[in-house]
Amino acid sequence: MSELVTASRPFAAHAAASSRHSAAPAREGDVIAPMERVRDAVTTVFGCLGILTVAWLAASAVWSLGIIVFVTGSMAPSLPTGAAAVTQTVEASDLAVGDIVTVRRPDANVQVTHRIVDIAPVVANPDARSLTLQGDANENADLKPYVVTEAARVLAGAPGIGWVIIWAKTPAVMLGGAVLVAFVVAWALWPAPARPTSEDDTDVVADVVTDAEPEPAG
């Protein structure tokens, strides 16, 4: 009879331990877990942004890509003021009528982005082309042609994106972004606090060991 009672006591101890685990209040480690998930999510987002930035820099170096912002409305309505576009620098021989290109004005140190309406060869330089440009919103073509050996051709553009780029380049935003990135990096590298051992766990282990001890045979 005593052997039956002894054999059943480990099961009773396990049931008591399970009951005490379910009734135990949330420990400090359970409170830390949500913050760890938030940190993982934030670092993942910033990591993806970093990967995209590196990928863009590599692509721009390999394929001569760039980004321009339209500060006038000469290319409206397709590319109005505040639009942004991705460009690729190509040889003049690859240009065609209808392309939108960015070139430098011969009489001023400024750039203009207009559509090609005419292309003529340059006798003195077979690699160069004389481009006649006109803005989509302008009634007449530009006064002087542009002689170029290469030009940045617009690949794709979108309205409104340019305002975001201009805003992101302001000193206050750049400083705030640098501080935010530094904070996220420090937060990601900061060691997580060790989960403390609960007194309840120690009591349960002691109860299980005590209850599991066999009773002396009577």
Side-chain angles (χ1 to χ4, degrees), residues 31-92 94-95 98-116 131 133-138 142 144 146-193:
V31 178
I32 296 174
M35 290 303 299
E36 292 179 353
R37 288 195 294 268
V38 171
R39 181 173 66 175
D40 291 342
V42 172
T43 53
T44 299
V45 171
F46 274 81
C48 292
L49 291 177
I51 293 174
L52 291 176
T53 301
V54 173
W56 165 253
L57 293 176
S60 61
V62 173
W63 291 295
S64 301
L65 302 179
I67 296 177
I68 60 172
V69 176
F70 292 82
V71 295
T72 67
S74 61
M75 286 302 295
S78 58
L79 295 169
T81 303
V86 177
T87 64
Q88 182 181 28
T89 301
V90 298
E91 300 293 333
D94 294 332
L95 298 175
D99 290 341
I100 301 174
V101 295
T102 297
V103 296
R104 192 172 301 277
R105 291 186 184 275
D107 55 348
N109 191 25
V110 294
Q111 290 184 331
V112 58
T113 304
H114 283 167
R115 193 180 300 275
I116 300 175
L131 308 179
L133 305 183
Q134 180 177 349
D136 291 352
N138 297 342
D142 297 354
K144 296 182 179 181
Y146 304 87
V147 178
V148 298
T149 56
E150 62 180 18
R153 179 170 57 191
V154 172
L155 300 179
I161 304 299
W163 296 124
V164 178
I165 297 175
I166 294 175
W167 172 77
K169 287 185 176 181
T170 57
V173 175
M174 294 181 66
L175 177 61
V179 172
L180 180 60
V181 170
F183 171 77
V184 171
V185 171
W187 191 23
L189 298 178
W190 197 267

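- Inter-residue side-chain proximity for Val42 and Phe183 is flagged as unmet; no heavy-atom pair is nearer than 4.5 Å.
- Within the 4.5 Å cutoff, the side chain of Ile100 has heavy atoms near those of the Leu79 side chain.
- Taking 4.5 Å as the limit, some side-chain heavy atom of Trp163 sits within range of a side-chain heavy atom of Thr81.
- Counting only distance, with no hydrogens or angles, the side chain of Arg115 and the backbone of Gly98 share a donor-acceptor pair below 3.5 Å.
- Rounded to the nearest 0.5 angstrom, Ile161 CD1 and Ile166 CD1 are separated by 12.0 Å.
- Closest heavy-atom contact between Ser74 and His114: OG-NE2, 3.1 Å.
- Put simply, the side chain of Leu155 does not reach to within 4.5 Å of the side chain of Trp63, judged on heavy atoms.
- Nearest approach of Thr149 to Glu91, heavy atoms of both residues: O-OE1, 3.5 Å.
- Closest heavy-atom contact between Ala84 and Ile165: CB-CD1, 3.9 Å.
- Between Thr113 and Met75 the shortest heavy-atom distance is O-CG, 3.3 Å.
- Note that OG1 of Thr87 is 7.5 Å distant from CG of Leu65, once rounded to the nearest 0.5 Å.
- Leu133 is listed as a side-chain neighbour of Ile116, based on a closest heavy-atom distance under 4.5 Å.
- Here the closest heavy-atom approach between residue Val154 and residue Ala85 is recorded as CG1-CB, 3.8 Å.
- The two residues Gln134 and Asp142 make their nearest non-hydrogen contact at CA-OD1, 4.2 Å.
- Note: Ile68 CD1 to Thr102 OG1 = 3.5 Å, rounded to the nearest 0.5 Å.
- You'll find the side chain of Val112 reaches within 4.5 Å of the side chain of Tyr146, heavy atoms only.
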